[in-house]
Colleague: 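Have a look at the structure that comes next, please.
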Amino acid sequence: QETVKIGVINAYSGQFADPGAQLDAGITLYMQQHGDTVAGKKIEIIRKDVGGIAPDVAKRLAEELIVRDKVDILAGALLTPNALAMGDVSAEAEKFMVVMNATTPVIITKSPYMIRTSATASQINGNFGTWIANQGVKQVYTMVTDYGPGIGSGTAFEEAFKAAGGEIVGQDRTPVVNPDFSPFVQRVAEADPEALYVWVPGGTQPPALAKALAERGITPENTKIYGQGELTDDAALEALGETALGIITAYHYNVHRDDAMNDEFVEAYRAANDGRDPDIYSIGAYDGMAAIYKALEATGGDASGEALINAAKGMTWDSPRGPIGIDAETGDVVQTIWIREVQMVDGKPANVIIDQVENAK
Amino acid sequence: MNSLETRNLNKAFGKLVVADNVSLALPQGARHALIGPNGAGKTTLINLITGALRPDTGSVQLNGEDITSLLPDARVKRGLGRTFQINTLFPQLTPLESATMAICERDALSGHWLSPLAKHGAAIDEAYDLLGRVGLADAATKPTRDLAYGQQRLLEIALALASSPKVLLLDEPAAGVPKSESAALFEVIAGLPEDISVLFIEHDMNLVFSFATSITVLVQGAILTEGPPDQIAHDPQVREIYLGGAHHG
Amino acid sequence: MDPKSWIRAKARISPYEAIFWIAAAVIPFVFFENYLSLAASVAVTALFCISLDMILGYAGIISLGHAAFFGIGAYTAGILSARGWGEPISGLLLAAAVTAAVGYIVSFMIVRVQHLALLMITLGLSFLLAELAISFDQFTGGSDGLQGIDTWKLLGIWKFSLWGHTAYAYALATLFVLFLLARRIVHSPFGLTLEAIRENPVRTTALGAPNHAHLRKIFTIAAAFAGVAGALLAQISETVSPEALGFQRSAEIAVMLILGGTGRLYGAILGAIIFMIARDQISGFYLQYWYFWIGLILILVVLFLPRGILGGLERLARLGRRA
Amino acid sequence: MAEALLELRDVRAGYGDAVVLDGVSFSVSENAGVALLGRNGVGKSTLIQTVMGFTQFLSGSILWRGREIQTVKPHLRARMGLGWVPQERDIFRSLTVEENLTVVARPGPWDVKKVYDLFPRLKERRENKGNQLSGGEQQMLAIGRTLMTNPAMLLLDEPLEGLAPIIVEELGDAIGRMVREAGMTLMLVEQHAEVTLGMTDEAIILERGRIVHQAASKDLLADHATLDRYIGLNIGD
Amino acid sequence: MSTLIAVLFDGFSYGMLLFLLSVGLSVTLGLMNFTNLAHGAFAMLGGYVTYALVESAGWPFLATLPLAFLATALIAAVFEAVLFRRIYKSGELNQVLLTIGVVFASYAVAAFFFGTVHHSVDLPDYLKGFVEIGDLKLPAYRIFLVIVALAVTAGLILFLEFTRFGAMVRAAVDNDKVAGGLGLNINAIFALTFALGSGLAGLGGALAIDILFIDPNFGFHILVPVLIVVSIGGLGSIWGSFLAAAALGIFDVAGKFLFPDFGPFLIYLFMVVILFFRPNGFFARR
Ligand SMILES: Nc1ncnc2c1ncn2[C@@H]1O[C@H](COP(=O)(O)OP(=O)(O)OP(=O)(O)O)[C@@H](O)[C@H]1O
Ligand SMILES: Nc1ncnc2c1ncn2[C@@H]1O[C@H](COP(=O)(O)OP(=O)(O)OP(=O)(O)O)[C@@H](O)[C@H]1O
Ligand SMILES: [Mg+2]
Ligand SMILES: [Mg+2]
């Protein structure tokens, strides 16, 4: 039996090990549920650890995967710089590549053999900016993390918000390694804006920021708070309690969305991961694997870059996150963006979907 | 012209005055001893002369040139050499390497970063020769830290000699060297060319009185008296403060 | 033994060395063709390690921020290429010149401090540079890394490909040339003086050595070496990101150097080879937990091979001769 | 004659794999003074350090008040009453003079005040850090510091080196008094053979790590031929 | 006005957190001269002890703090006896490498037992939210941090300056051979000092959870700020660390408040400049 080898380049250690672990769990779960054979080919995963942001290492690992391990497909790409470096290799070696997480828009242009199954910064935040302006909000203060994804998201948000008639009254960038949000929160308190838009990477920062806001009395009661979904993930909600009520976020995946397919996915994921919930990393990888499987089925097992990319482009399917597809021109993901508000559900704060933007690009 | 001269040197550590208007002159070829109670400021004076310490006021002249504002290494380049009271050596290097290094530095070879050391055979030979003269030939290729204390003292002196100083400052060179060998050591020092001036600190009066041609007594940072050996040996004040009763001159 | 031959013996090229370099040139091409990318990156790292050995092993300057120069070299070559001039060798030379200049300026600071202050200042400088690299994103591509590097054919003939033939040959040749240079430097009178300064700066001053001038010189040279290493990596991988300047890279080469043994140049090379191959192999097996094994190796090396693998081998050889 | 306080039996010791002492045996009885003489590098310091437990002990035995101590840790030997004054002074550089004294203090007749009486110079410099002392002051401090541990036996490794003649004289007297009046036992390494022999009862001469001569100090002082042969001293000229 | 006070208080209390995390290093690195980069790993250990006791055993937060100190001190003493003791004289670089090795290993061990995800602890209600003083809103937990920091400072200064212990440690560091030869039990002294320093790290780690959270990277994370505090404060000076931490906290917070675009740049610049002119920090002991 022939095999199709997938080389996964991911952060398994270091600062980004946690999202890396979630991403990997998404891959594993998909294969558990759908078996390791597609179109008569056995699927084999080869995992490599880049250990963090290290494009030179990512590039070398990608080269080695192709030269040494003879992989047919490159996947993973948790972090933008690494994804960019992998893109070069995909283009040169003419191998199909699936970006399972990195959200910077430009990545997709790096290789004609690339698709993305996560989201893009502009897809979520651009649509969100328009939505907020349409709600009648006039002025927003923005606060985003000072690195690629943060700046990309912030810019997408601001452009869309301004295009829809809004005004940006303040702009702060917080350091990537940020142990203390208090000075930035004090600046917001001082400016006392109508609304605040924040973008911080998932992990320790959302609860830390949310806490810093609450401790200084900035709550949705007096200032509207908007952000990308991470801001109100479960850890943050737990740390915040009732003070989080009213925060509105936009996201492409909602763990608690009431949907049969999602329920089944979450349950299986929890069972496989000591009760832990899936998150965007998990779903990005899960759908990434789905895309690979479906494309291989369509090509009848032909794993060449050319065949796979042609099969993948324009594909659509149903995912636990909702309807999803691959843009026939760019290879980027097309999906629904969910707008959620924190509300009390069964005595606990939870993200409740209040609106949605369909077929967002 | 004196080869070394200090003019009204003053130095205090906080309230403690360690150099009190010290004016000292060393004519060329001098074999001059500096003695005085412990803590009188002898080592400090050497540190002031070599530039390891900066004087509060006063100046230092070397062969007529004012060197007060020069850095220590520049003073060495002008012919000032010293040893340390407490061994100050290169523990991992061998005596041969240490002495070769000193000679290379003296001959301005240390800037040569692209020619192999072995090409500078003359420097190595000279170093080996020098070690032989102070009795370290056998220990030349052992790491310094494995040498006995007395051997390290000898290396201390060899290194000072390696820079071919015109004025040599020795801080208790014979401390830790047995009597027999310390005499031999002083023979080496005494046998240095006539034009080299030597200032040495020593608490062994036998050595002081047999090798010094003149002596300065330093007490609490100030010069108490100066003169030829027999005068100092019989000076009642010096006897009381420093020599004690055991020395009969 | 006659003193001159004793000193000369320390600097003589032994047959083992010739074997080593021939092996390095042949074995990867013949037996490990699939590993050429890794081999190229080992050669680059070995060069970087040698640079650290010159200041740390010989001159005793401990730096936790040496990657600053690696990164500057990488960005210099990278930006040059991204702006349209991708000729590799001139890129190396420019990187060497730029890093030497920066190294010279920084050296005025470095030579004045020791111990913790030295560790922290070198660390701080590399953090500062990384921040600058992130801030000046119009030149550097910010935290996403520099895009658009395109390395031209080596000597107009050999293309840099996925397989890494050109990359390895290029990196190895550069390493070899610079190794010979480093070897010459450490066996020169200047090299001896550096060791003496490392051992006891007070005494070298008293022997007339201008310590600071000597140290500035070696620091500048070492910076240029590190810059060339960085430039090599940028050209071979066609990427540079602020991580090139980061603490992790500085720490890793210190680890490799200690592992191999300081103050002997080959320690740097050996350390790079062993560390990088071990990591490549271990991280393949223990994705999440390879840090544990690296940590353990570090601990064991410091405890049982405090003078590195080469130091340990030397001791064995001495014991063997005596027995 | 009192029971031996310290006894070495056929001791072999050195550094790493270099054997420095070979087959050294002797004993020191309570309240006696022993001089240890010999040229440079014959192993005098090594002998003292072996008694303290700082060298590689290879074979033989060391007895303290009849008990074998060669496996006992150095600090416990010190607490048993061995008082070592290292040759290189080794003042605690970052401690003040007074801290240098108090930090090792153990109860007994010697206290800070008595040390200051012995070395008035130290009292003047009591606030100075250890590394800001003159060579001679460091030597005084090294001796004073060891006295603060109130030892039963002093092991002095060239304690007079670098001291002014008048201090040498006073210190010599003081040490003599300690032995004679305070019941202190003494082992003394010195270059000044006359002074050393004057302060001790017995003398041992080492050569290449072996004992080559043992005699009463008085006799040795008169035995110019032996002194000349092993130490190269020409006393009296 | 009240914003100014709030910013200053935020800075000061952040500084106190830094102080609590670094004071132990001021003991192990400053006093013992042991370049202990594993400090962060011990802080992490203390943090996990508190986390485990609060979340799994249901202890009240305050009650876990002494245990975070003790458990860390005990384990550190074992490490000292088995590992660190052997390299006190091997030079800074070897110490850096071995202790970094410990941090690497601790990362993997923590990831194994507690997962890569970050954890926080549930605080008692009286430490949550803010305390209103006039129109000033000060976070309750930060007030608590300041109080603990002041208590630790006072206790340590009393212990190290007014007992012979501090001098014994310095003597043992200056020359362990001679200190031993004069009857000081240097092994015990070093073990105790190291346990004290690391215990303080553990306490700091436990106290830091609420602000920094705890995950396997904690040991790496806090290392640089902590080293900055100790090096600027001056080796071995508790008081120096205190002032440096306070100054750094205020400088950092106020700097980011006033010039948010400079990010961490200012702190590194501050450190490099200070160390260049005062290589031994402000209150160097040696
Ligand atoms: N850095 C310093 N700070 C304060 N006092 C110092 C310092 N250095 C030396 N002293 C003091 O200055 C005095 C003179 O010291 P110096 O070393 O010059 O004496 P010396 O004459 O060489 O004595 P010895 O014969 O004992 O070597 C001593 O009392 C010493 O304690
Ligand atoms: N740490 C060491 N490692 C190796 N060898 C050593 C060490 N210390 C001393 N030696 C060697 O041991 C021998 C005896 O040295 P020791 O210091 O005991 O001599 P000593 O009689 O005290 O001489 P001195 O009168 O010069 O002090 C010497 O040959 C010396 O080279
Ligand atoms: Mg002196
Ligand atoms: Mg000796």
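Any value given below was found using the heavy atoms of this structure, including those in side chains, with hydrogens, waters and symmetry copies removed. Just so we're on the same page: letters track the sequence lines, and every chain starts at 1. If you're wondering where the values come from, they're calculated on a predicted model, not measured in any experiment.
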Colleague: With a 4.5 angstrom heavy-atom cut-off, is it the side chain or the backbone of B/E240 that approaches chain D, or both, or neither?
Modeller: backbone
Colleague: Could you walk me through whether B/L16 and D/R125 pass the side-chain contact (heavy atoms from CB on, under 4.5 Å) check?
Modeller: CA-CA 9 Å; B/L16 181 77; D/R125 316 262 72 230; 3.2 Å; yes
Colleague: At their closest point, which heavy atom of D/G41 faces which heavy atom of B/A148, and how far apart are they?
Modeller: CA-CB, 3.5 Å
Colleague: For D/K218, does the NZ atom have more than 12 heavy-atom neighbours from other residues, nucleotides or ligands under 6.0 Å away?
Modeller: no
Colleague: Non-hydrogen contacts under 4.5 angstrom with chain D: give the residues of residues 40-52 of chain B involved, or none if there are none.
Modeller: none
Colleague: Report, as yes or no, whether the 6.0 Å neighbourhood of atom CD on D/Q214 holds more than 12 heavy atoms from other residues, nucleotides or ligands.
Modeller: yes
Colleague: Nearest heavy-atom pair of B/P37 and D/A164: which atoms, and what distance?
Modeller: CA-CB, 4.2 Å
Colleague: Would you check if B/Y149 and D/S45 make a side-chain contact, meaning some heavy-atom pair closer than 4.5 Å?
Modeller: no
Colleague: For the atom pair CG (D/N131) and CD1 (B/I86), what is the distance rounded to the nearest 0.5 Å?
Modeller: 10.0 Å
Colleague: What are the two closest non-hydrogen atoms of D/I166 and B/I241, and how far apart are they?
Modeller: CG2-O, 3.5 Å
Colleague: Which one of D/E158, D/E161, D/E88, D/E170 has the most heavy-atom pairs closer than 4.5 Å to chain B?
Modeller: D/E161
Colleague: Grab the two heavy atoms, one from D/E169 and one from B/L243, that are nearest each other, plus how far apart they are.
Modeller: OE1-O, 4.1 Å
Colleague: Is any residue of residues 132-142 of chain D within less than 4.5 Å of chain B by heavy atoms, and which ones?
Modeller: D/S134, D/G135, D/G136, D/E137, D/Q138, D/M140
Colleague: Should the heavy atoms of other residues, nucleotides or ligands under 6.0 Å from CZ of D/R208 be counted, would the total exceed 12?
Modeller: no
Colleague: Taking B/D204 for its side chain and D/P165 for its backbone only, find out whether a donor-acceptor pair lies under 3.5 Å.
Modeller: no
